[in-house]
Participant: 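What follows is a single structure, and I will ask about it in a moment.
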There are 2 protein chains.
Amino acid sequence: MAPDRNRRRIPDATVSRLPVYLRLLGEQSAEGVDNISSERLAELAGVNAAKVRKDLSYLGSYGTRGVGYEVDYLVYQVRRELGLTHDWPVVIVGAGNLGQALAGYGGFGERGFPVAGIVDVDDAKVGTVLGGVRVRHIDELPQIVQTKRVSIGVVATPGAAAQEAADRLVAAGVTSILNFAPIVLSVPRSIEVRKVDLAVELQILSYHEQRRAGGAIHAVPGGASRSATA
Amino acid sequence: MAPDRNRRRIPDATVSRLPVYLRLLGEQSAEGVDNISSERLAELAGVNAAKVRKDLSYLGSYGTRGVGYEVDYLVYQVRRELGLTHDWPVVIVGAGNLGQALAGYGGFGERGFPVAGIVDVDDAKVGTVLGGVRVRHIDELPQIVQTKRVSIGVVATPGAAAQEAADRLVAAGVTSILNFAPIVLSVPRSIEVRKVDLAVELQILSYHEQRRAGGAIHAVPGGASRSATA
DNA sequence: AGGCACTCGTGCACACGTTCACAAAGCCCG
DNA sequence: CGGGCTTTGTGAACGTGTGCACGAGTGCCT
Ligand SMILES: NC(=O)c1ccc[n+]([C@@H]2O[C@H](COP(=O)([O-])OP(=O)(O)OC[C@H]3O[C@@H](n4cnc5c(N)ncnc54)[C@H](O)[C@@H]3O)[C@@H](O)[C@H]2O)c1
Ligand SMILES: NC(=O)c1ccc[n+]([C@@H]2O[C@H](COP(=O)([O-])OP(=O)(O)OC[C@H]3O[C@@H](n4cnc5c(N)ncnc54)[C@H](O)[C@@H]3O)[C@@H](O)[C@H]2O)c1
């Protein structure tokens, strides 16, 4: 009965792919597919089939040789491993452009991450309603976190305010943070932080574009003499 | 004069850190700091100092032993390597919640990625103005891409429309795509795709929260007998 | 001028991640 | 009931990324 399956540490790279498999499996299930091979799942996920099998093997031996994986059962196991057997309410700090888009986005709650609250410092924003949730003052953060048992916080403030926002989240009892501000947050080691940085993504694309162009076709007129200063 | 510096391939992991260094260097420069050690930069970036030195060494030997790196010169070199010596106009497909937040976000243009256009299929959205840019019909995409020489496209449509949006971007001549829709895009190998998937990020955090809790405190009532079938 | 303190650049060892390749295991059919 | 076909699960090889440790170059002070 696979007694210690829980305690096995799953590699980071695998953890970041499991949600992708999960979504694809859900789609397959909805389409009436009840059995799937690693090859097919790999094709859908755009990865190597061996990688799929190895990833899934960290959860246990849930496949059937010669047949594949039973979709619904696999969905159940992946969800369990990712901790998706219950909802994880999130609190959003910053009700600007991005905070509003996030709050207004239904996909959050659907996937098990209901918006437990959204807070801001700006009194003009407090009281307005976004996506069915009323914006509250940031001073109410500890109360929201505690009464709603929130462990995940989202930082959607300008960069200059992001560290403070993170500090307040941590002080309120949040233990995981998703950061959209373009700064490196400093938090206690026990807090899990993930960042989503648009500028970084675009600059990575820019790197590849520049490289594709040969790296030097767009000759830069000025500034070349700089190397003399080094 | 470092003749073939351009042709050296830079590891992916390094490419993804360069934008972070770049931002920090810019901040330091603005604060009047004109020299910085790998140690200090590492501290700001939250990484190991040896990693910073190794990353920067891929650009060339631009540091001075015993002293550190000249901030402005390093900024110039990193920008050059990332292809940031000129602007990269982007086109956004999908003028919904997210597309609006993106268009209304000034940080884009500031960092060298001006919004060259935003398109949608919905006639109700076409003609409205977001962040100073008028929403146009998606049929005008090829024209926008060509006249504005856009090589980067952003997909901000619902998942169901994302593949079509990507196909249209590719057909119009875009060679890099930033995808916000929760699906795996299939594009020609020559197209560079990066994805930003909120649900994945949250589920990764969920995994760590669940694990932190001991992995089994929230005992799941039903479904346990399933393992008998395996 | 010489010595000393400092910091870069990098070789090396180790950890992590990916892919191949194949034995083991299950299913189906005759 | 046995042989052939399919697909899993995983050992082993390979590739990529990380971090230590130290030689080499530079500036400063005496
Ligand atoms: N909008 C986008 O598309 C986009 C894209 C990429 C990154 N970002 C990043 O996301 C963050 C938010 O962007 P935005 O466009 O929503 O900015 P915004 O200025 O529209 O909104 C920021 C909100 O945070 C609030 N705020 C400021 N200080 C606060 C504090 N200490 N505590 C709580 N709330 C505070 C402000 O009152 C405001 O409502 C920024 O860091 C930005 O760089 C946004
Ligand atoms: N809003 C968020 O905070 C958020 C967060 C995470 C992920 N996302 C993802 O971003 C995407 C967009 O989210 P949203 O909230 O902006 O959705 P939305 O429904 O508000 O907007 C989608 C827009 O795309 C347009 N569209 C539909 N089909 C199109 C097509 N074929 N070509 C061009 N335009 C088309 C629609 O007319 C609409 O204006 C979704 O895939 C969503 O999963 C959004």
Side-chain angles (χ1 to χ4, degrees), chain A residues 2 4-5 8-21 25 28 33-71 73-74 77-78 81 189 200 204 207-208 227 229-230, chain B residues 2 5 8-21 25 28 33-71 73-74 77-78 81 189 204 207 227-230:
Chain A
D4 60 347
R5 205 45 93 184
R8 179 108 111 273
R9 204 190 129 270
I10 296 184
D12 288 348
T14 294
V15 172
S16 68
R17 282 188 295 266
L18 288 177
V20 177
Y21 301 153
L25 288 169
Q28 292 299 301
V33 176
D34 44 35
N35 222 254
I36 194 168
S37 68
S38 60
E39 190 104 22
R40 175 73 179 131
L41 185 51
E43 186 193 331
L44 294 171
V47 301
N48 183 294
K51 200 185 283 185
V52 169
R53 290 199 296 277
K54 188 150 282 191
D55 284 343
L56 296 181
S57 78
Y58 290 112
L59 313 187
S61 286
Y62 298 132
T64 306
R65 292 164 195 234
V67 179
Y69 301 85
E70 190 195 321
V71 175
Y73 185 51
L74 198 50
Q77 289 297 343
V78 175
E81 194 67 42
R189 209 191 317 280
V200 169
I204 292 171
Y207 168 78
H208 291 290
S227 48
T229 66
Chain B
R5 206 43 93 186
R8 178 108 110 271
R9 203 189 131 268
I10 296 183
D12 288 348
T14 294
V15 172
S16 67
R17 281 187 296 267
L18 288 177
V20 177
Y21 301 152
L25 289 168
Q28 292 298 302
V33 176
D34 45 37
N35 221 258
I36 193 167
S37 68
S38 60
E39 190 104 22
R40 175 73 180 129
L41 185 50
E43 185 192 331
L44 294 171
V47 301
N48 182 293
K51 200 186 284 186
V52 169
R53 290 199 295 277
K54 190 156 283 188
D55 284 342
L56 296 180
S57 77
Y58 289 113
L59 313 186
S61 285
Y62 298 132
T64 306
R65 292 165 194 231
V67 178
Y69 302 86
E70 189 196 323
V71 176
Y73 185 52
L74 198 50
Q77 288 297 343
V78 175
E81 193 67 42
R189 210 188 318 279
I204 292 172
Y207 168 78
S227 46
T229 66

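Below, all heavy atoms of this structure are taken into account, side chains as well, without hydrogens, waters or symmetry copies. Everything numeric here is computed off the predicted structure, so don't read it as measured data. Chain identifiers are assigned alphabetically (A, B, ...) following the order of the sequence lines, protein sequences preceding nucleic acid strands; residue numbering begins at 1 within each chain.
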Participant: Looking only at heavy atoms, which two atoms of A:Asn35 and A:Val71 are closest? And how far apart?
Facilitator: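 In this case the closest contact between A:Asn35 and A:Val71 is N-CG2, 3.7 Å.
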Participant: Would you say that A:Leu18 contacts A:Tyr58 through its side chain, given a criterion of any heavy-atom pair below 4.5 Å between the two side chains?
Facilitator: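 They are not in side-chain contact.
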Participant: N/O contacts under 3.5 Å, protein versus nucleotides 26-28 of chain D?
Facilitator:
| from | atom 1 | to | atom 2 | distance (Å) |
| --- | --- | --- | --- | --- |
| D:dT26 | O4' | B:Arg65 | O | 3.3 |

Participant: Please report, rounded to the nearest Å, how far the P atom of D:dT18 is from the CD1 atom of B:Ile10.
Facilitator: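 Between P of D:dT18 and CD1 of B:Ile10: 14 Å.
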Participant: Would you grab the first and last nucleotide of DNA chain C (5' to 3') that comes under 4.0 Å of any non-hydrogen atom in chain B?
Facilitator: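 Under 4.0 Å from chain B, the extent on DNA chain C is C:dC6 to C:dC12.
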Participant: Can you name the nearest heavy-atom pair linking B:Ser16 to B:Ala13, along with the distance?
Facilitator: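 Heavy-atom minimum between the residues: OG-O, 2.9 Å.
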Participant: So, is B:Tyr58 close to the D:dG17 phosphate, meaning a side-chain N or O under 4.0 Å from OP1 or OP2?
Facilitator: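 False: B:Tyr58 side-chain N/O out of range (4.0 Å or more) of D:dG17 OP1/OP2.
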Participant: To the nearest Å, how far apart are B:Arg9 CZ and D:dG17 P?
Facilitator: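 Atom CZ in B:Arg9 sits about 7 Å away from atom P in D:dG17.
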Participant: Let me confirm one number: the CD-CG distance from B:Glu81 to B:Leu56, rounded to the nearest 0.5 Å.
Facilitator: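 Here the interatomic distance stands at 11.0 Å.
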Participant: Taking only heavy atoms on the protein side, list every residue of residues 35-43 of chain A lying under 4.0 Å from any atom of DNA chain C, sorted numerically.
Facilitator: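 Going residue by residue through residues 35-43 of chain A, none turns out to have a heavy atom under 4.0 Å of DNA chain C.
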Participant: If I take atom OH in residue A:Tyr69 and atom P in nucleotide D:dT7, what distance separates them, rounded to the nearest angstrom?
Facilitator: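 To the nearest whole Å, that distance equals 12 Å.
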Participant: In Å and rounded to the nearest 0.5 Å, what is the CG to CG distance from B:Leu74 to B:Asp34?
Facilitator: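 So the gap between those two atoms works out to 13.0 Å.
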Participant: By the definition side-chain contact (heavy atoms from CB on, under 4.5 Å), identify the one residue from B:Val20, B:Leu41, B:Val15, B:Thr14 that meets it with B:Asp55.
Facilitator: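 Output: one option passes, namely B:Thr14.
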Participant: In Å and rounded to the nearest 0.5 Å, what is the OG to CD1 distance from B:Ser57 to B:Ile10?
Facilitator: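 If I round to the nearest 0.5 Å, the distance is 9.5 Å.
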Participant: Using side-chain hydrogen bond (donor to acceptor under 3.5 Å, both in side chains) as the criterion, list what pairs up with A:Glu39, not counting sequence neighbours.
Facilitator: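 Per chain and number, A:Glu39 pairs via side-chain hydrogen bond (donor to acceptor under 3.5 Å, both in side chains) with no residue.
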Participant: Please tell me if the side chains of B:Tyr69 and B:Leu25 come closer than 4.5 Å, counting only heavy atoms from C-beta onward.
Facilitator: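 Of all side-chain heavy-atom pairs linking B:Leu25 with B:Tyr69, none is under 4.5 Å.
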Participant: List the atom pairs, donor and acceptor, that lie under 3.5 Å between side-chain atoms in residues 44-54 of chain B and the rest of the protein, sequence neighbours left out.
Facilitator:
| from | atom 1 | to | atom 2 | distance (Å) |
| --- | --- | --- | --- | --- |
| B:Asn48 | OD1 | B:Ala50 | N | 2.6 |
| B:Asn48 | OD1 | B:Lys51 | N | 3.4 |
| B:Arg53 | NH1 | B:Ser38 | OG | 3.0 |

Participant: Among residues 44-55 of chain B, which ones have heavy-atom contacts with DNA chain C below 4.0 Å?
Facilitator: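 DNA chain C contact set from residues 44-55 of chain B: B:Arg53, B:Lys54.
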